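On a predicted model such as this, the values are computed, not experimentally measured, just so you know. Chain A is the first sequence line, chain B the second, and so forth, proteins listed ahead of strands; every chain is numbered from 1.
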Amino acid sequence: MPFHAFARRIRAAVVPCAIGSAAVLAFSIASSAPDAQRSWWSPGQGGTLPAESAYPNHSGRLGIFSASGPVEATGQPFFTPLGKNGRACVTCHQPSDAFSISVDTIRARWDATGGGDPLFAGVDGANCPNLPMADPASHSLLLGRGLIRVFLPWPPRALDGSVIEPEFTIEVVRDPTGCNLSPEHGLASSHPTVSVFRRPRPVANLRYVTAAEFGVGPFNVKDSQPAAHDPATGKLVNMQLMADAREPTLATQAQSAVATHLEGRPLGAAALQKLIGFETQLFAAQIEDARAGSLVEPRGPPAFGPHALATGRTSVLGNNTTNYVFPIGEAWRQLPRTGEAAHDAQSAAREAIARGHDVFFFRTFWIKDAMHINTVGLGNPAKRTCATCHGMHMTGMDTVNGWMDIGTTNLPWAVEAPQNPWTRDKPEMPLFKLTCDRALAPHPFLGRVIYTQDPGRALITGRCNDIGTIVMQQFRGLAARAPYFSNGSARDLRELVDFYDRRFNIQYSEQEKQDLVAFLGAL
Amino acid sequence: MTRISVIVLCTTFLAAPTHAGEHRNFVSCPLVRDTKTVPCWLAEHDGELYYLGIQTDISADFDPPYLGHRALVEGVVAPNAERICGGIVLDPVNVSTLPELDGACNTVLPAEDRYQVPFAPRPPGPSGGRLAFEPPPGAAAAKPALTGPQEFAIEYDFDTPIMARHADVLTQIFGYATQAHARHIVVRGYRGATLLSDGTVMTERDTLPEARAKEVAQLLIGAGLPRAEIEVIAEYVEPISCLVAPTHEYANRSELTLDEICKYHLALPEHSFGLRQVFERAIAKRRLNPQILVTTNSLELTKTMAATGQVIAFMPALTVIADLALGGLRAVSISDPDFAAARSCISVHRDRPLSHAAQQFLKLMAASISGLSAGKKGATGCGT
């Protein structure tokens, strides 16, 4: 069933649902979509990923489009356990969650399996491998924030294995997980390692994530450092993969993930090609909003839904009124009211999405002290909009190497539990103190001593200016994969908007915040 | 075989003497003034407000400063220009964000109706159809021919390493080296100094020439150029200042022409000195007749005669920093690009390995020039 037709049926069901009288009808129609009720894909379980499928979430429904048609899970490496811990790629990249994984899904999986699912494997599904695996407290960052442990060598290694001399020293200030101070797994171990905790990223819409036709040259335009190459072809890559861009291609990322997360052996060439072929034809986006109805009906906003992503242009700068980041057209502005409550509520919700787009695209604020944005020639501060940084057409990623520091992991902006005599809240995240070499220029906004929950890209480059910089993510399928930011510090889209409002003193009105949340949830 | 020379230097030093007009060189906190469109960048000096530029995008020439840092402003007052955003227009202007943080620089002025940008800027949000990164017309035609030695200059802000805006020139160098199959790439690093309007000389850190040259070499290697083809050389370029007594009629000038200088008695070193040779070439070119009162190699005698108003003298600014700081001498820029700089260079032929003794001597020489102690890490002036 094409999405448009499917969405029309969903809309017919959901509008009454919104007024509380047709929950059964909505359920029956959703179940008619192929595999829509299969909320969890286990490794090696078999089955077919349909060409089109839909998954419910808090905001509506997510659509998955497998552009090459239905995919048999059996024999596809993505769905196949490839290592000793029984995981497959799909373990942390579930179709229902836009091929990421939400914390709700993680908790449901814990409840369903008593923590026995391979998702909770000690290697990185626990706060540290040396903790008791049956205790949910040992998995608190995964269960609480959806975070996977990422363990990286210190000092950093270049792709050829050579040691990079870092511009800073690193100390562990706080280690709630125990892993960074562990004699076996920490910085003082025989293989000095830094453990940071990050959200799995969506394995969908990768055609955009890997496109390298815009602004990619031998030197990154943000910092003039050499760009990475595809080791197989020698071609330049755009360095948009993963939170720290440590892997240049989907192939190297896959091999790295198999070796670490799956504890497996390297994939053979044929399996690798099959895996990447599958990943790059997946498209994910919200197709239905609980209040606004279908997002993909004819003459609706052209940016919405996975089909739009499948046919959209890659490597296009959208921070202009020629292309737009998310072209939504005029269809949902000033919709007529009929006096019929459900219809008018839907119209109001659609108008809110359109207004939210305008907040994203046109609402200016002062972007200040943000590394790799204020330093690229805009000055500090720069009066700009969300779309300045989130400028890639159709995804809202950066168009070029997209690591920036907006304070999601660096203090003073990173979300921290307040410390006072009356609180019972304990810090969840590790905290590092990084001291930059006094012989070098200081970090332009944070100086030479920087506290961070995750040094981000700096764990790869060793550069002071990269401390806390994180590659920005795509905006699609957001409703399916809370929480947000690389450290899961925003539990929902409202907290995400509130973070920006606080960080940049935007002074959004309540209406603007609600509209922006509505827009982001529709992507 | 193609040879490429990469000159790694500071823009501050180059910009000042090449433009006629009233110079304003100063260090102060930058200010942001909001407007109905894009913000303006301003800076205050001696009770006057100067306009530096507006926020544009990353494809623009003007690279605005940072709040949280002081800025070195080097500009020329634009004749007959209306004030913009309340500030006297400096054009051309070079603005360097000084590396150390300064929390006092944190002023954002609100928009006022009386301050409008008098031209249509790129909007503060999405551009209206014009796309950033579009190559300027004729850019392709400006590519150098792929034959013979080629020289590229990488221009820095004061006291800074490689920044985002250098990606373009690095890409040009890399592209040329790759296409021309360059066999030998020389990267020369420099530091600069600038003479402020109040007579103060600001000099970049003495470690910068080597650090800059090494950084550029590492970047080119990191991008894929073979390591063996790149030679790193650190050089030290200092501006020559015209030194006068604090009571001299030129003491408050921001710059002088050679014609003006030649109206007074001069003290110069002997003909074997490069500085004397450069001076004589410059005056011959202009058919001037200088009044040389004394020829001496004594720095002390020269400084004493200048300080007492008997002569005008020329020296690299670094040699008289203490005298300038104490107020015994005033330094004035010379508005003649042929006579603006002295260059000290230590070069090593890459195909001739040095003996241990020679290497030690080289280190000593480099340390002497850079002012570093001999035992300090990275003191050598020459790389591979």
Side-chain angles (χ1 to χ4, degrees), chain A residues 158 214-215 217-229 234 236 316-325 358 360-369 372-388 391 399-400 439-448 465, chain B residues 30 32 34-35 37-39 41 53 55-69 95 97-101 108 123-133 159-171 174-175 178 205 207 211 218-224 377-378:
Chain A
F214 184 95
F219 300 92
N220 295 326
V221 299
K222 294 253 187 77
D223 57 9
S224 294
Q225 296 299 302
H229 294 77
L236 292 165
V316 171
L317 178 65
N319 185 27
N320 52 74
T321 52
T322 306
N323 299 315
Y324 289 90
V325 177
D358 291 353
F360 166 81
F361 205 57
F362 292 113
R363 169 69 151 85
T364 59
F365 56 93
W366 294 102
I367 301 170
K368 188 166 185 281
D369 296 347
H372 298 322
I373 181 66
N374 291 108
T375 54
V376 300
L378 295 176
N380 184 42
K383 189 172 81 169
R384 282 298 192 98
T385 76
C386 300
T388 294
T399 41
V400 292
L440 304 174
H443 184 293
F445 309 125
L446 298 171
R448 289 191 173 88
N465 281 357
Chain B
V32 184
D34 198 7
T35 74
T37 56
V38 293
W41 285 96
Q55 171 188 299
T56 53
D57 60 34
I58 67 172
S59 62
D61 289 336
F62 178 61
D63 196 353
Y66 303 168
L67 293 188
H69 293 256
V95 181
T97 296
L98 300 185
E100 297 297 330
L101 278 68
V108 180
S127 59
R130 189 184 73 79
L131 306 183
F133 303 113
D159 236 3
T160 59
I162 281 284
M163 300 171 73
R165 63 182 167 81
H166 291 125
D168 281 350
V169 66
L170 287 169
T171 299
F174 179 80
T178 304
R205 285 172 288 147
T207 52
Q218 286 301 319
L219 291 172
L220 294 173
I221 292 166
K377 185 182 175 185

(request) Give, as side chain, backbone, both or neither, the part of A:Ala439 having an atom under 4.5 angstrom from any heavy atom of chain B. (result) backbone
(request) Flag the pair A:Phe445 / B:Leu67 as yes when at least one side-chain heavy-atom distance between them is below 4.5 Å, and no otherwise. (result) no
(message) On a heavy-atom basis, which atom in A:Pro444 and which in B:Tyr66 lie closest, and how many Å separate them?
(response) CB-CE1, 4.0 Å
(request) Heavy-atom pairs under 4.5 Å with chain B are the metric here; pick the option from A:Gly217, A:Ala228, A:Pro218, A:Ala441 that has the most. (result) A:Pro218
(request) Answer with side chain, backbone, both or neither: which region of A:Leu446 has an atom nearer than 4.5 Å to a non-hydrogen atom of chain B? (result) backbone
(message) To the nearest 0.5 Å, what is the distance between CG on B:Asp63 and CG on A:Leu378?
(response) 9.0 Å
(request) State, to 0.1 Å, how close A:His229 and B:Ala223 come at their nearest heavy-atom pair, and which atoms those are. (result) CE1-O, 3.7 Å
(message) Report which part of A:Lys383 has an atom under 4.5 Å of a heavy atom belonging to chain B: side chain, backbone, both, or neither.
(response) both
(message) For the NE2 atom of B:His166 and the CD atom of A:Gln225, what is their distance to the nearest 0.5 Å?
(response) 12.0 Å
(message) Using every non-hydrogen atom in the two residues, find where B:Leu219 and A:Phe219 come nearest and quote the distance to one decimal.
(response) O-CE2, 3.4 Å
(message) Please identify, among B:Pro99, B:Pro124, B:Pro161, B:Gly222, the residue contributing the most non-hydrogen atom pairs under 4.5 Å to chain A.
(response) B:Pro124
(request) For residues B:Gly128 and A:Thr321, report the shortest heavy-atom separation together with the two atoms involved. (result) CA-OG1, 3.4 Å
(message) With a 4.5 angstrom heavy-atom cut-off, is it the side chain or the backbone of B:Val108 that approaches chain A, or both, or neither?
(response) side chain
(request) Report the distance from atom CZ of B:Arg165 to atom OG1 of A:Thr375, rounding to the nearest 0.5 Å. (result) 12.0 Å
(request) Would you mind checking which part of A:Arg448 comes under 4.5 Å of any heavy atom in chain B, side chain (CB onward), backbone (N, CA, C, O), both or neither? (result) side chain
(request) Determine whether B:Pro39 and A:Trp366 make a side-chain contact, defined as any pair of heavy atoms from C-beta on separated by less than 4.5 Å. (result) yes
(message) Just so I know, are the side chains of B:Asp57 and A:Arg384 near enough to count as touching, which here means a heavy-atom distance under 4.5 Å?
(response) yes
(request) Using a 4.5 Å cut-off on heavy atoms from C-beta on, say whether the side chain of B:Met163 contacts that of A:Ser224. (result) no
(request) Please look at B:Thr56 and chain A and tell me whether the side chain, the backbone, both or neither of the residue comes under 4.5 angstrom of a heavy atom of that chain. (result) backbone
(request) Output the option from B:Gln218, B:Arg205, B:His69 having the highest count of non-hydrogen pairs under 4.5 Å with chain A. (result) B:His69
(request) Return the option, out of A:Asn465, A:Asn380, A:Thr388, with the maximum number of heavy-atom pairs under 4.5 Å with chain B. (result) A:Asn380
(message) Applying salt bridge (Lys or Arg N to Asp or Glu O under 4.0 Å), can you list everything that pairs with B:Asp168, at least two apart in sequence or on another chain?
(response) none
(request) Would you indicate whether the side-chain heavy atoms of A:Pro381 and B:Val32 approach each other to under 4.5 Å? (result) yes
(request) Over all heavy atoms of both residues, which pair between B:Leu101 and A:Pro442 is shortest? Give the atoms and the distance, please. (result) CD1-CG, 4.0 Å
